[in-house]
Every structure is written in structure tokens, then in C-alpha cells.
Amino acid sequence: MVNLVNLEQVGKSFGIKPLLDQVSLGVQEGERIGVVGLNGGGKTTLLEVMTGIEEPDSGRVSRMNGLRMAVVTQRGSLPEDATVGEVVLAGLADDAVGGNPVVAEHEWAADPRIRNVIEGIGIAGLGMDASVTNLSGGERRRVALAAALVRELDLLVLDEPTNHLDVEGVQWLAEHLLARRSALVVVTHDRWFLDTVATRTWEVVGGKVESYEGGYNDWIFARAERVRQADATEARRRNLARKELAWLRRGPQARTSKPRYRVEAAEALIADVPAPRDTVQLAAFARKRLGRVVIELEDASLTTPDGRELVHDLTWRLTPGERVGLVGVNGSGKTTLLRALAGDAEPATGRRIQGQTIRIGWLRQELDDLPTNMRVLEAVSDVAERIMLGDKEVSAGQLAERLGFTPAKQRTPVGDLSGGERRRLQLTRILMGEPNVLLLDEPTNDLDIDTLQQLEDLLDGWPGTLVVISHDRYLIERICDSTWALFGDGKLTNLPGGIEEYLRRRAALAAPGRPAPAQSATGGSSNSPAPATDSAAYRAARKEFARLERALEKLTEREQRLHDALAEAATDPDKLVTLGVELKQVQADKESTEERWMELADEVG
């Protein structure tokens, strides 16, 4: 296998802090590597040293002769006098034989691969003749990403490519990268994306780079094993590693894979883990704090400033303790709907009702509400000195530390924080306000995986009402109990099947001549007629639905028995192979049964 890039004893420091300390690693042909680590820990520096943007302070970086490589970092800039088409097609001109500086429109327009990138990355609507000067930050990032993806490369290096993509865009990007032959190195905090794309994970920690086989799931198991072997602190092992592993084992099947590391050690970590969230207890506590009325929209219509209608005649009542994930394509009205719930945007028609005891915490995408003249601890204490988090009293410093601000970091001026650190501070200040309704608009932007785990751990036991807009599928599946979508048809649609159902519906809408699957949304957001419950077809569907439920229960029990058998046969290679084949078949049967069960769920209501 060809070695594309190689780092030997590389060191790189900024000030007195070594971000890379005697790092040796390499990228092989066809490898797909996900890079994870804390904000400010050296992930972007590693990419820049590897690709030649930054020179190492010590050591050597070697690259294959004639290496075709594209780099898309967060610090990248576009030529201000260029059009979208010129930026996207510039790389094609560089790759062309003879270095032809112009790529004619008929040449790229006739290439389905290039058209697929332009449409899939979401820049087709910008217009190829549009000036990049007038684009937003997210649109500029997507243009730079498209410019790299249209090229035939040996190595593609991406820094947080999913930050400005919606759920559908993230799925498209993952499928596109899997279909490419080029090697990939990608910094990402999107755990579904990491688990889907990566064949290897690099964790940048303490100036070193730890390498693991597989994606997020495998990294979590391997890191838990490393923590166990190093005898790390008992509190961290029990409060974070166990709970995260429990979610991995209890979550949707798409999130799990057969672990390659010591199964016995992983099982020991989660053997006595309680349920991640006691829904009944939290709902009871939420009603006590919130009262019967939370936030309601009645016959509401929401429009853009230029008069375009986003949502029509919507009636939606949030209940105490409800946990909602809100998805939809960019521009469908998700943020506008969140603003209407927060009371920041008045409906064009209809009305908004808010309960008397409601206290809203609203996390905006912007970071313009932080006091830059204060230090971190002062900014947190300015909201409150102490709060009750569940049944425990927590100080401002304790909550700040739980969300990643060490005691030393708490003395840092807010103005000196990075984007990810400001996002964490914004979250800390909102939680210190003790809201009983949380509205979170893309809370995962700029947060590293460790902070995301801490945030999810906090929200697991939080008893209030929660509405989250996020492209992070893992976050939605983890902390939300229901998923709703805006498809651009003026309605709010409930999705019993979650993100997977959303993607199926979007694919159906995009397919020419194929109508979207019928789904009756609650909350007054759809006028679809109810199914005819006295028809023979409906009765047959109900009968098959019940049969599939029983089959799923049996398959789940069989799958668990096989997992137990695998753990017991850890030292018997022959038995492991036999059990592995049987488990793979059971999982395939379960997946096909679940797909049919979800189809029937739409029909029987």
C-alpha cells in the first residue's frame, strides 16, 4: 500500500504550549481517517502541518511525488473578485492536461459527477455566476468544499466539513466520500458522520496522536479500555464512559458494530448502568415546575421578511417535559419557528400562548450575547452563583468545569476564547439561568466530542421542555423523544421513524414522478385524511404489523443471546467466527423487519 504522507518526530508549538510533540504517523492510500480531540488541542494544526500550510518546528514531513491533494480548512479564504463557478472549477483547470485555465460550461455541465457535487453540497441555488463576495460564511464554506470534491484526488483533507450542512447534506457527503477512491483525513465532531466514514480514528490529546481502528463506536470502546488500563479516575470512568457505552449498545442498530477490542471489559463497564433517562420521573417533575401550559402556537403562519410563507396554519402545543428534535433543509423555516416559540418573531397570522411559569433559555447560532469585557467565571457568576441541576446544587465554577472550563481556564478573558469555547460559555450561562424551556439552535456547532458528551449527560437528567435544531443525528437520537420536520410544504410533520424516516421522505420527494409517503402529522399541521380503519387492507396491515412486532422482539432477544455468547467465547477463535456469521444474519433479518415495520407504522397510524 502506497504511503501518501508521512510525519516523523514532528513537533509544533504556539507560545509555550506544544500542540504536537514528537508525533510520527502516516496516511496510506485509500485510508479514511477521522480526527477528534478537544477544542484548541491541535487538530487543525495537525492538518496544516501535514498538508504544508504550516511548517513543523521540528521533525520531518514527507509527501509522495506528484501527490494530488485538496485542503479545506476553517481558515480558508476565497478570491473576492471570483464567481462561484470560477472557484468551483478552478481545481479542474489545474488538474487538466496542459493546465488549461478555463473550463467551458458545457464541459462541466455534461459531467454527472460534477453536477452531483454542485447539487448535493447545496450550491446549485446560488448560481454559478454569483460573486463570492455576497455569500454568507456558510455558503462560502460550501463553495470551497465543492471546489475540492469535484476533483480527482489522491488525498482529501477536510476540517469540520459538516458544520454548515443540514442532515440531508451530511448524509450526501458521507455517501460521496465512501464512493471516492481517494484517501481522506477529516476533522469532525459529528459522531454519526465519523462512524459512517472513518476506517481509522486519530485522537489528538496532550500533544500526542493516539490511533484507533474504526470510527466513533470503536474509538469509544478502545478509549474506555485505555482508561481502564491506565486506571483513570473512577468518577470519569463511571459517569461518562459507562453511560456513553450504554447508549451505544442500547441505541439504534445503525450506531453499533462488532467491537474489535476486549468485549468483556466493555461489558463490565456497563453491566450495572441504570436507564439513561427516567422519562416518567422527569415528566412528573416538569409538570410540577412548568404547569399545564408551556408554549402553544394556534393557527399560526410564519413568513420571511420578504413575505415568503414558511409555515401555514400551524397549531402546535408543547407539553411539559416534551423533548423535540426539529429537522429540515436549509431555508425551510426551522430557525424562524424557533424564534416564534421564543417570542422573538410574531406570527403573520394566529397567536402564541405562553404559560405563566415559563422561563426560556434560547441558544442562538450567533455568539454576540457574551460579555467580552469579563473573565469566564465572572460571565457565568453574573447570571447566577448557584443553581439546582436536577436534585443537586451546583456552583457556577462547578458547572463551568463540567462543560470543559478548568479552574485555570475560568480566569481567561471572554474575548480571548476560541469559537468552540465561546459556544460552551454561552451554554453554561443559559443553564445558569435555570430555564424550564430550552430552545437550542445548532448546539453542536464548534463543540468537541468530549463537550458534547458532557452536554448530553446534563440534558439526560434535565426535566424541562426541550426543542433542538441540529444536523447531528446522534444528538437528536440521544436526547430527543420525538422528531418533527419541515419539508417546505408549509406543514410541520411528525416522524415516528426519526432521522431515517426524514431521509427516506426527502429521497421520495426528490425522485421524479414519485409522491412522498403518506403521513398524517399531529398538532394541526396536516390535512391528510385518516386511514379507513374498516377496510380489508387496513385490517391486513394491522395483522402484519402485530406479527412484525413479535418477530422483532424475538430477533432482539436472539441478538442479545449471541452477544453474550460472543463475550463468553472471547478466547475461542473458531467459535467466534461461527457466532459472528450467525449474528450478522440475525442483524440483517432484524434490519429488514424493522424497515417493513416502519412502513406499516405509517399505514396503521
Side-chain angles (χ1 to χ4, degrees), residues 39 137-138 160 162-164 166-167 189-190 286 290 294-295 318 321-328 330 333-345 354 358-372 374 376 379-380 382-384 387 389 394 396 399-400 402-405 414 417-481 483-484 486:
N39 288 330
E160 291 292 357
T162 64
N163 262 8
H164 298 282
D166 55 28
V167 173
H189 298 142
D190 188 312
L290 286 167
V294 183
I295 300 174
L318 293 177
E322 189 173 6
R323 309 169 76 91
V324 176
L326 188 59
V327 296
N330 291 329
K334 302 187 298 295
T335 297
T336 302
L337 179 55
L338 208 67
R339 290 180 60 210
L341 291 174
D344 186 64
Q354 177 175 314
I358 295 304
R359 200 171 188 174
I360 295 175
W362 181 19
L363 180 71
R364 301 171 177 83
Q365 290 195 49
E366 300 77 21
L367 296 170
D368 54 5
D369 57 347
L370 295 175
T372 55
M374 293 184 179
V376 170
V380 178
D382 185 54
V383 179
I387 63 167
L389 200 61
V394 179
L399 183 59
R402 190 167 177 181
L403 286 174
F405 292 105
V414 173
L417 298 178
S418 67
E421 289 168 335
R422 291 189 181 203
R423 195 67 166 166
R424 274 188 275 149
L425 179 58
Q426 196 178 31
L427 274 166
T428 308
R429 282 167 53 87
I430 287 172
L431 291 173
M432 287 301 294
E434 294 192 275
N436 49 25
V437 175
L438 270 179
L439 307 176
L440 306 180
D441 195 351
E442 295 292 0
T444 63
N445 281 359
D446 300 315
L447 294 184
D448 56 60
I449 288 178
D450 282 47
T451 304
L452 283 174
Q453 290 176 345
Q454 293 282 10
L455 174 62
E456 289 166 349
D457 196 40
L458 281 171
L459 294 178
D460 274 339
W462 189 75
T465 297
L466 179 69
V467 181
V468 183
I469 296 173
S470 181
H471 62 259
D472 188 327
R473 295 172 62 166
Y474 194 101
L475 181 84
I476 294 288
E477 291 169 350
R478 167 84 185 253
I479 68 173
C480 297
D481 296 328
T483 306
W484 297 72
L486 292 169

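Keep in mind that this is a model prediction, so the values were computed, not measured.
- Of all non-hydrogen atoms in Asp190 and Asp472, the two that sit nearest each other are OD2-CA, 4.1 Å.
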Inset, instruction - Decide side chain to side chain contact (heavy atoms under 4.5 Å, CB included) for Leu440 and Leu459; before the verdict, give the C-alpha distance in whole Å, the side-chain angles of both, and the deciding distance to 0.1 Å. - result: CA-CA 12 Å; Leu440 306 180; Leu459 294 178; 4.2 Å; yes
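- Counting heavy atoms from C-beta outward, Trp362 and Leu338 have side chains that approach closer than 4.5 Å.
- Looking only at side-chain heavy atoms (C-beta outward), Val380 and Leu425 come within less than 4.5 Å of each other.
- Taking CG of Leu363 as the start and CD of Glu442 as the end, the distance is 10.0 Å to the nearest 0.5 Å.
- Contact record, Asp166 with Gly328: CB-O, 3.9 Å, taken as the closest heavy-atom pair.
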Legend entry - Residue pair Thr444, His189: steps toward the side chain to side chain contact (heavy atoms under 4.5 Å, CB included) verdict: CA-CA 8 Å; Thr444 63; His189 298 142; over 6 Å; no
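- Panel note: side chain Asn436, backbone Arg359; a donor-acceptor pair is recorded below 3.5 Å.
- In this structure, the separation between OG1 on Thr335 and CG on Asp441 is 3.5 Å, given to the nearest 0.5 Å.
- The nearest pair of heavy atoms linking Arg423 to Arg364 is NH1-O, 2.5 Å.
- The minimum heavy-atom distance between Val468 and Ile476, with the atom names listed, is O-CD1, 4.1 Å.
- In this structure, the side chains of Glu322 and Asp481 stay at 4.5 Å or more apart for every pair of heavy atoms.
- Side-chain contact between Val467 and Leu337 is absent, with no heavy atoms from C-beta onward closer than 4.5 Å.
- A pairwise comparison of heavy atoms in Val383 and Arg429 identifies CG1-O, 3.6 Å as the closest pair.
- With rounding to the nearest 0.5 Å, the separation of CG in Leu326 from CG in Leu439 is 10.5 Å.
- Between Leu431 and Leu438, some side-chain heavy-atom pair lies under the 4.5 Å cut-off.
- In this structure, the separation between CD on Glu434 and CE on Met432 is 7.5 Å, given to the nearest 0.5 Å.
- Interatomic distance, Trp484 CH2 to Ile469 CD1, rounded to the nearest 0.5 Å: 15.0 Å.
- Between Ser470 and Leu475, the closest heavy-atom pair is OG-CD2, 3.8 Å.
- Here the side chains of Gln354 and Ile360 are in contact, with some heavy-atom distance below 4.5 Å.
- Here the side chain of Arg323 pairs a donor or acceptor atom with the backbone of Ile479 at under 3.5 angstrom.
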